[in-house]
Trainee: 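Structure provided below as structure tokens; questions to follow.
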Amino acid sequence: MMELLGENPFKVNAYYTAARTVELLKEDLGELAGEDQLRHIKGIGSSLAKQIGEILHTGTSQFYQELRAKIPYGLFALTRISGLGPKKISLLHKQLGISDVDRLEEACRKNKLLELPGFGAKTQENILKGIAGLRKYTGQHLFVNVWGLAENLEKELKKHPHVRDALLAGSLRRRKEVVKDIDILVSSDNPEEVAEYFAGLPQVETVVGSGPTKTSVVLHQGIQADLRIVEQGEFPYALHHFTGSQEHNIAMRHRAKKMGLKMNEYGLFDAQGKKIMCQSEKEIFRTLGLDNIPPELRENMGEIEAAEQGKLPCLVELKDIKGVFHIHTVYSDGTASIREMVEETRRRGWNYLGISDHSQSAFYANGLKVEQINKQLAEIDRLNEENPDFTIFKGIEADIRKDGSLDYPDEILAQFDFVIASIHSGFKMTEEEATERLIKAMQNPYTTMLGHPTGRILLGREGYPVSMKAMIEAARDCHVIIELNASPYRLDLDWRWCRYAKELGVKIALNPDAHHLAEFDHMEAGIGAARKGWLEAFDVFNTRPREQVKDYLRLRKGPK
DNA sequence: GCCGTTTTCGGCCCGACTGTTTTCAGTCG
């Protein structure tokens, strides 16, 4: 709103910074405000501390209300139109009285925009395109839906004789669960030809921009892909720059500046403007006094400080995984038999598998009745005898009822080696209700793991509004493992909370939630999220060897 | 509005591309 009103951009930036700081805060905002500690947080000064306090106290602030009164609600939608920023929106509103998308579209069709200073036929046309784009695409895509397309583009580019190096950068390289576009970086001695080749690839629907170093296209799937072309010697600097994140880059350039250096996508320069030669990102970090920061961590969430102090985590890798929990079979809503799932697990080099079909209240998923449980447990016993070098753990994904209880009596739960407690229905809860429901489920002595703790579906539905802090602390108190559901549609626990769990010593189980043989692939997405969450092999439960897991589950079982 | 081995005032990351403009503002990442 301040931007739309033409407020000082540095002041606006201060609000952005403070907002991000608050969002990332693990401490309780209310407590900090109560103890008058807000002002001591970097990025929050006396004015913002006062306003935050006011919002906590009254639910809003006078300043916010004043801003809201000046700006019609529809104007916010205009900010989502590509090519329209605060200046142009403000002008449209002031000069033409435009305050929503429909009226803007109408004005474009009547050529009204041509009268405005700084507007021309091209601008008007682009705004119409932007409106069409806004209606057609959400502009957000699941990592899993984009990765393959991006890899194909990378492969096509590598085929070109004038392309030296080509790598995916941006949020894909950082393994963000949801991405906006594809960023590809190449080095070449003939950028014009490579740019032309890229724009002409069959995957490309339209070219939205093209210059000597940058070409942007939209693919048939509606996903934008940006190609940056640099010289070979610029590649490491450019790779760092285009991997981002924006926030990480800003912090890095800030650091460089404080050291008397200048940093951009073409290089690192000393005070005299002389280039400091680096062969790799690692050398760039070293020059700035930092350990090598893996792409997944580059979100300016403490990685630079950790790199400075030599305290970066040694991130978990797929090869650290020894076995998996949380898979479904034909007994409930899976498509493969237990035997098939076991064979697939072995094929992937793992030597234990935790079966957890749905429980009886999950009608929609053909949840297991007591007789079926007995049948399944007997089958598992037979298969375990057949495979002495492999262990199938007997489990269940038990529904958490509205009151926080699990949907089998204790004597049934006692038959399993492990119990995953999950919410699958009754999503409409207040934060207090959801948190209490989850905590109660974790207090059940038979609960080993908490399944997909918020129930979110990425780009699909919000999770129930649970207090993550209270939930993780309860997991610590109840000795419950929290699942990081590795399905690329869930990735729940969110990676942003993994670090807190790790700090409290709460173990995370990286669970594929596989319903088909192919869904063991989910583990790759899960590893990406776990790495973003700073998790090391030690923090992930299923990096433990089979015997340790056996011992843990045996000791953990039953009433404490 | 925030911050300080450059400072309590004067800065605040850096560059590409577009379109409208006759040298640059706006937008984007």
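Below, read A as the first sequence line, B as the second, and so on, with proteins coming before strands; counting in each chain starts at 1.
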Trainee: Once you measure the plane-to-plane angle for A/W497 and A/Y500, does it fall in the parallel (<30°), tilted (30-60°) or perpendicular (>60°) bin?
Mentor: perpendicular
Trainee: Answer with base, sugar-phosphate or nothing: what part of the nucleic acid does A/P9 contact at a heavy-atom distance below 4.0 Å?
Mentor: nothing
Trainee: Considering only the P atoms, how many Å lie between B/dT21 and B/dT27, rounded to the nearest integer?
Mentor: 15 Å
Trainee: Expressed in whole Å, how much space separates the C1' atoms belonging to B/dC12 and B/dT7?
Mentor: 13 Å
Trainee: Report the distance from atom OH of A/Y266 to atom C1' of B/dA16, rounded to the nearest whole Å.
Mentor: 7 Å
Trainee: So do A/I89 and A/L75 actually touch side chain to side chain, heavy atoms under 4.5 Å?
Mentor: yes
Trainee: To the nearest Å, how far apart are A/H254 NE2 and B/dG4 P?
Mentor: 8 Å
Trainee: Under 4.0 Å, counting only non-hydrogen atoms across every strand here, what does A/I81 touch: a base, just sugar-phosphate, or nothing?
Mentor: sugar-phosphate
Trainee: Cut-off 3.5 Å, side chains only: do A/E281 and A/N292 have a donor facing an acceptor?
Mentor: no
Trainee: What's the CZ-C1' distance between A/F242 and B/dC14, to the nearest Å?
Mentor: 11 Å
Trainee: Classify A/L48 by what it touches in the nucleic acid, base, sugar-phosphate, or nothing, heavy-atom distance under 4.0 Å.
Mentor: sugar-phosphate
Trainee: Angle class for the A/Y15/A/F63 ring planes (parallel below 30°, perpendicular above 60°, tilted otherwise)?
Mentor: tilted
Trainee: Write down the distance separating the C1' atoms in B/dC17 and B/dG11, rounded off to the nearest Å.
Mentor: 28 Å
Trainee: Report yes if a side-chain nitrogen or oxygen of A/T123 is closer than 4.0 Å to either non-bridging phosphate oxygen (OP1 or OP2) of B/dT20; otherwise report no.
Mentor: yes
Trainee: When you get a sec, tell me which of B/dG19, B/dA16, B/dC13 is the closest nucleotide to the side chain of A/I250?
Mentor: B/dC13
Trainee: With respect to the side chain of A/F10, which nucleotide from B/dG19, B/dG15, B/dC12 is positioned closest?
Mentor: B/dC12
Trainee: What contact category does A/M263 fall into here, base, sugar-phosphate, or nothing, at under 4.0 angstrom with non-hydrogen atoms?
Mentor: sugar-phosphate
Trainee: Heavy atoms only, 4.0 Å cut-off, all strands: where does A/P212 land among base, sugar-phosphate and nothing?
Mentor: sugar-phosphate
Trainee: The side chain of A/N126 is closest to which nucleotide in this list: B/dT18, B/dG29, B/dG15?
Mentor: B/dT18
Trainee: Which is more 5' along DNA chain B, the nucleotide nearest A/S82 or the one nearest A/P117? Just name the residue.
Mentor: A/P117
Trainee: Rounded to whole angstrom units, what separation is found between the CD atom of A/Q246 and the P atom of B/dA16?
Mentor: 15 Å
Trainee: Mapping A/K42 and A/Q124 onto DNA chain B by nearest heavy atom, which one lands closer to the 5' end?
Mentor: A/K42
Trainee: Tell me: CD of A/E3 to P of B/dC28, nearest whole Å?
Mentor: 10 Å
Trainee: Please confirm whether the shortest side-chain N or O distance from A/K180 to OP1 or OP2 of B/dC28 is below 4.0 Å.
Mentor: no
Trainee: Please pick, from B/dC2, B/dT20, B/dC17, the nucleotide with the shortest atom-to-atom distance to any side-chain atom of A/T213.
Mentor: B/dC17
Trainee: Check whether any side-chain nitrogen or oxygen of A/N264 sits under 4.0 Å from OP1 or OP2 of B/dG15, and answer yes or no.
Mentor: yes
Trainee: Roughly how many Å apart are B/dC13 and B/dG4, using the P atom of each and rounding to a whole number?
Mentor: 14 Å
Trainee: Determine the contact category for A/S210: base if any of its heavy atoms lies under 4.0 Å from a base atom, sugar-phosphate if only primed atoms, P, OP1 or OP2 are that close, otherwise nothing.
Mentor: sugar-phosphate
Trainee: Look at the side chain of A/K87 and decide which nucleotide, out of B/dG1, B/dG26, B/dC14, has an atom nearest to it.
Mentor: B/dG26
Trainee: Assign A/L116 to base, sugar-phosphate, or nothing according to its heavy-atom contacts below 4.0 angstrom with the strands shown.
Mentor: nothing
Trainee: Remember a base hit wins even if backbone is also touched, and classify A/A121 as base, sugar-phosphate or nothing at under 4.0 Å, heavy atoms.
Mentor: sugar-phosphate
Trainee: If I pick the P atom on B/dC3 and the same atom on B/dT8, what distance separates them, to the nearest angstrom?
Mentor: 16 Å
Trainee: If we take the P atom in both B/dT5 and B/dG1, what is their distance in whole Å?
Mentor: 23 Å
Trainee: Rounded off to whole Å, could you give me the CG-to-P distance for the A/N8 and B/dG11 pair?
Mentor: 14 Å
Trainee: If you measure from the Lys or Arg side-chain nitrogens to the Asp or Glu carboxylate oxygens, is any gap between A/E3 and A/K87 under 4.0 Å?
Mentor: no
Trainee: May I have the distance from A/K11 (atom NZ) to B/dG10 (atom C1'), rounded to whole angstrom?
Mentor: 17 Å
Trainee: Are A/E462 and A/R456 close enough for a salt bridge, meaning some N to O gap below 4.0 Å?
Mentor: no
Trainee: Nearest to the side chain of A/R228, heavy atoms from C-beta on, is which of B/dT27, B/dG4, B/dA16?
Mentor: B/dA16
Trainee: From the list B/dA16, B/dG19, B/dT27, which nucleotide is the closest neighbour of the side chain of A/K88?
Mentor: B/dT27
Trainee: Kindly point out which of B/dG1, B/dG19, B/dC12 is positioned nearest to the side chain of A/K257?
Mentor: B/dC12
Trainee: Decide, yes or no, whether a salt bridge links A/K158 with A/E154 under the criterion of side-chain N to carboxylate O below 4.0 Å.
Mentor: yes
Trainee: When we call it a touch if two heavy atoms are under 4.0 Å apart, what does A/T17 touch: a base, just sugar-phosphate, or nothing?
Mentor: nothing
Trainee: Atom CZ of A/R253 and atom P of B/dG15: how far apart are they, to the nearest Å?
Mentor: 8 Å
Trainee: Using atom P in both nucleotides, what's the gap between B/dT20 and B/dG26 to the nearest angstrom?
Mentor: 14 Å
Trainee: Do NZ/NE/NH1/NH2 and the carboxylate oxygens of A/R135 and A/E105 come within less than 4.0 Å?
Mentor: yes
Trainee: What contact category does A/Y15 fall into here, base, sugar-phosphate, or nothing, at under 4.0 angstrom with non-hydrogen atoms?
Mentor: sugar-phosphate
Trainee: If B/dT8 has a Watson-Crick or G-U wobble mate with both distances under 3.5 Å, name it; if not, just say none.
Mentor: none
